[in-house]
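Chain letters run A, B, ... following the sequence lines, proteins first, then strands; residues in each count from 1.
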Protein chains: 2
Amino acid sequence: MSKATIGDVAKAAGVSKKTVSRVLNNEPGVRKTTQDAVNAAIKSLDYVPNLNARRLRTNQSYLIGVLYIDYPSNFYGSLILNGAIKACDKLGYDLLIRPFESGYDAQMISAALKHMVERSNVDGFIVVPPLCEDESVIQALEETETPIVKIASLNQDSHISIHSDEKAGAQLAIEHLVNLGHSKIGFLNYLVGHAAGKWRYEGYKEALEMHGIEENANHVCQFRYGETTLEQACRKMLSQADRPTAIFTANDASAAVVYRIASQLKLRIPYDLSVVGFDDDPAAMNLWPPLTTVSQPVAELGYNAATILIEQCIRHKAKAALPLSLPELVIRNSTGPLPE
Amino acid sequence: MSKATIGDVAKAAGVSKKTVSRVLNNEPGVRKTTQDAVNAAIKSLDYVPNLNARRLRTNQSYLIGVLYIDYPSNFYGSLILNGAIKACDKLGYDLLIRPFESGYDAQMISAALKHMVERSNVDGFIVVPPLCEDESVIQALEETETPIVKIASLNQDSHISIHSDEKAGAQLAIEHLVNLGHSKIGFLNYLVGHAAGKWRYEGYKEALEMHGIEENANHVCQFRYGETTLEQACRKMLSQADRPTAIFTANDASAAVVYRIASQLKLRIPYDLSVVGFDDDPAAMNLWPPLTTVSQPVAELGYNAATILIEQCIRHKAKAALPLSLPELVIRNSTGPLPE
DNA sequence: CTGAAAGCGCTTACAG
DNA sequence: CTGAAAGCGCTTACAG
């Protein structure tokens with residue numbers, strides 16, 4: 001097991017502990033032949049540095065915290081974690097997760113953050129939406145004076161936010177519908193207050209404009225998540241004489257609502273109505289016909305967030321442009337040509 | 001912030017560092033008045049012990065790892081994590097998660113475990129099914145010589161396994177159906193090879209026996225997870241002249257299959273067919289009519305697993321009887337009286 | 001019941 | 001390009 005210490009390696013390589021330390025940390029100014037000798041000793045002794053000693057000495061924990069709301073079937077959060085773990089593995093960090101119940105309050109947040117910072121000494125935080133849109137959370141975070149990176153946040157002034165080009169994703173959806181001949185394209189947004197809802201709506205608007213289609217207020221419904229008027233509004237939209245022939249929804253969960261209402265109104269998908277969602281949520285796998293949707297590389301967001309947090313915010317390496325992931329259109333069976 | 005050290009506290013309380021350490025660790029043999037003085041100093045200095053120093057000195061990480069397979073909508077895994085985190089918070093530990101893709105292989109496992117043990121120095125592991133039923137995983141785990149606690153494992157000889165009384169849960173389901181007048185009660189098991197599948201089947205059998213009902217081989221279907229013959233078998237079972245009037249499924253996902261087949265066969269739930277699931281899986285929330293199912297306290301399993309791992313396996317406190325959580329029947333609308 | 005000394009395994013600050 | 005000494009903040013092993 002990992003019993004060898006830096007002293008054993010130093011002795012085996014015929015150098016000082018400090019020189020071994022230099023090699024371990026890729027510090028410059030070590031002769032190539034010395035490096036090789038040290039590396040050989042490391043290998044032959046099966047040496048693994050003692051992280052706890054390094055932690056004590058450098059006063060860093062090499063731990064980063066992820067704050068998210070835990071709700072059933074949170075595929076988004078899981079993928080963020082997966083991506084972040086991959087980045088941590090690569091950079092020598094570990095991930096500390098901190099799920100909150102949806103009924104969290106400001107006091108629970110600040111107690112949890114205090115615990116993570118004072119006891120576990122996390123070096124930084126990744127904050128997943130919708131938590132990163134909660135001012136009380138951000139404020140509590142700022143009080144800890146610990147670096148943070150947000151994911152898909154509306155407010156990008158005070159902190160770095162990692163996201164994909166969701167607007168472009170929405171445009172992909174609209175373009176697909178226009179190519180199928182549709183011009184009466186509705187929009188159902190259940191994510192008002194989220195960056196995602198805003199960006200996807202912007203993409204919808206700009207794509208319509210690009211194709212010379214006028215936006216029709218009767219074909220657009222926007223709500224906060226949890227507002228139960230969604231179904232009524234959807235029913236109303238689809239019951240109009242001048243109803244849309246296609247609907248783009250800001251998330252797949254809303255698309256499921258459209259399916260239900262369409263079935264009640266005897267509108268067959270895709271023959272009478274085309275539907276495009278957003279998210280490629282596995283929970284939508286049960287929808288019939290299979291949903292055409294926009295998929296963004298969520299794990300990549302988690303990976304990028306952790307990487308930027310560690311390299312730029314913690315290690316203060318040179319800042320580079322933030323990566324912008326690209327969503328893709330996944331064409332399945334819920335979209336079809338404009339009915340004659 | 002947490003700048004004060006044990007030395008500052010010692011000075012403020014007029015005692016030695018060792019005595020402060022005794023108070024911090026609840027070691028016996030400190031006079032009450034001394035304790036009070038130390039605690040007052042701790043409070044006034046806002047002292048929080050430096051975990052990294054303790055880690056280095058005690059050669060423990062106060063970290064425990066959780067191994068699980070990551071798949072979409074893994075509500076079970078999430079609840080285990082939530083419960084385990086709660087226990088860790090209470091006992092001064094942190095949780096390191098390690099999700100594997102379902103296509104994992106033995107080499108990925110042992111590389112990941114090596115990393116967690118040698119680099120992150122985890123003090124113990126919690127292993128979630130179905131990973132804990134994989135012999136290659138258990139073997140790799142044993143090679144690390146680190147304590148482990150399994151959750152709901154078939155093999156309970158070599159390691160502690162935490163689970164609920166799933167057999168009793170299954171019996172609750174059958175009793176409910178018997179009370180509604182049913183005696184032709186089918187069983188659909190999609191979890192062969194899992195402890196859950198075994199225990200739920202045993203509960204089914206014993207409950208039938210208890211009520212003097214003979215088991216009918218044509219009313220029982222058992223498969224490994226992922227075998228696609230489930231639908232066919234279910235259709236066959238329900239197409240028989242002597243079909244069951246009620247079906248108990250070993251998990252909610254299988255109940256969803258029953259719903260689909262029943263709909264194809266024009267069997268109305270619950271009028272023509274009663275259905276009881278197991279898990280109370282939030283993914284089954286979309287089922288109509290709402291599914292009667294057995295719910296086990298999954299977060300409690302995670303809590304108990306972490307507690308036992310830390311107190312018994314790591315700290316070697318006195319062993320007590322393992323806790324046995326109790327499942328509950330959640331009656332919704334998929335079960336009704338035997339049709340006339 | 002309490003304390004002085006040593007040391008866990010690294011890195012920092014300095015010297016050469 | 002390399003190293004000797006000191007020290008991070010705790011706990012262990014011992015002494016009284």
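Atom C1' of nucleotide D:dT12 and atom CG of B:Leu24 are separated by 15 Å, given to the nearest angstrom. Straight-line distance from the CG atom of A:Leu51 to the P atom of C:dC8: 18 Å, rounded to whole Å. Protein atom NZ of B:Lys11 is 16 Å distant from nucleotide atom C1' of D:dC10, rounded to whole Å. Distance B:Arg119 CZ to C:dG9 C1': 16 Å, rounded to the nearest Å. Atom P of nucleotide C:dG3 and atom CZ of B:Arg31 are separated by 10 Å, given to the nearest angstrom. One can place CD1 of B:Ile6 at 19 Å from P of D:dG7, the figure rounded to the nearest angstrom. Atom NZ in A:Lys3 sits roughly 13 Å away from atom P in C:dC8 (whole-Å rounding).
At least one side-chain heavy atom of B:Leu324 sits under 4.5 Å from a side-chain heavy atom of B:His163.
D:dA13 sits 22 Å from C:dC1 when the P atoms are compared, rounded to a whole Å.
Of the side-chain N and O atoms in A:Thr5, none sit less than 4.0 angstrom from OP1 or OP2 of C:dG9. OP1 and OP2 of D:dT2 both lie 4.0 Å or more from every side-chain N or O belonging to A:Ser16. Considering only side-chain N and O atoms, B:Thr19 lies nowhere under 4.0 angstrom from the phosphate OP1 or OP2 of C:dC1. Look at B:Asn25 and you'll find a side-chain N or O under 4.0 angstrom from OP1 or OP2 of D:dT11. Proximity of A:Ser21 to the phosphate of C:dC10: no side-chain N or O atom is located under 4.0 Å from OP1 or OP2.
In this structure A:Asp8 satisfies the side-chain contact (heavy atoms from CB on, under 4.5 Å) test together with A:Ala4, A:Thr5, A:Leu45, sequence neighbours excluded.
Here OG of A:Ser61 is found 7.5 Å from OH of A:Tyr93. Values are rounded to the nearest 0.5 Å. Here the CD1-CG distance, from A:Ile314 to A:Leu309, works out to 4.0 Å after rounding to the nearest 0.5 Å.
Both A:Lys17 and A:Gln35 sit near DNA chain D, but only A:Gln35 has its closest nucleotide nearer the 5' end.
Under the 4.0 Å criterion applied to side-chain N and carboxylate O atoms, B:Glu27 and B:Lys18 are assigned as salt-bridge partners. Ion pairing of A:Asp89 with B:Arg98 is present here, as a side-chain N (NZ or NE/NH1/NH2) and a carboxylate O approach within less than 4.0 Å. Residues B:Arg119 and A:Asp94 are paired through a salt bridge, judged by an N-O separation under 4.0 Å between the basic side chain and the carboxylate.
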Between side-chain atoms of residues 134-141 of chain B and protein atoms elsewhere (two or more places apart, or another chain), which donor-acceptor pairs fall under 3.5 Å?
residue, atom, partner, partner atom, Å
B:Asp134, OD1, B:Ser136, N, 2.8
B:Asp134, OD1, B:Ser136, OG, 2.7
B:Asp134, OD1, B:Val137, N, 3.4
B:Asp134, OD2, B:Tyr104, OH, 2.5

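Paired runs in DNA chain D that reach 3 or more consecutive Watson-Crick or G-U pairs, where each pair keeps both distances under 3.5 Å, cover C:1-3 with D:14-16, C:5-12 with D:5-12, C:14-16 with D:1-3.
Judged as a ring-ring contact (aromatic ring centres under 6.0 Å, His included), not a single pair has a partner in residues 119-160 of chain B (not counting sequence neighbours).
Taking a 4.0 Å limit (strictly below) on heavy-atom distances, residues 53-63 of chain A reaches DNA chain D at A:Leu56, A:Arg57.
Side-chain atoms of B:Glu133 come within 3.5 Å of backbone atoms of B:Leu154 as a donor-acceptor pair (strictly under, hydrogens ignored).
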Between protein and nucleotides 14-16 of chain D, what N or O pairs are separated by less than 3.5 Å?
none

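For the 3.5 Å distance criterion, the side chains of A:Gln296 and A:Ser325 fail to qualify, holding no donor opposite an acceptor.
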One pair to check against side-chain contact (heavy atoms from CB on, under 4.5 Å): A:Asn39 and A:Tyr47. What are the steps and the verdict? CA-CA 10 Å; A:Asn39 282 322; A:Tyr47 169 69; over 6 Å; no
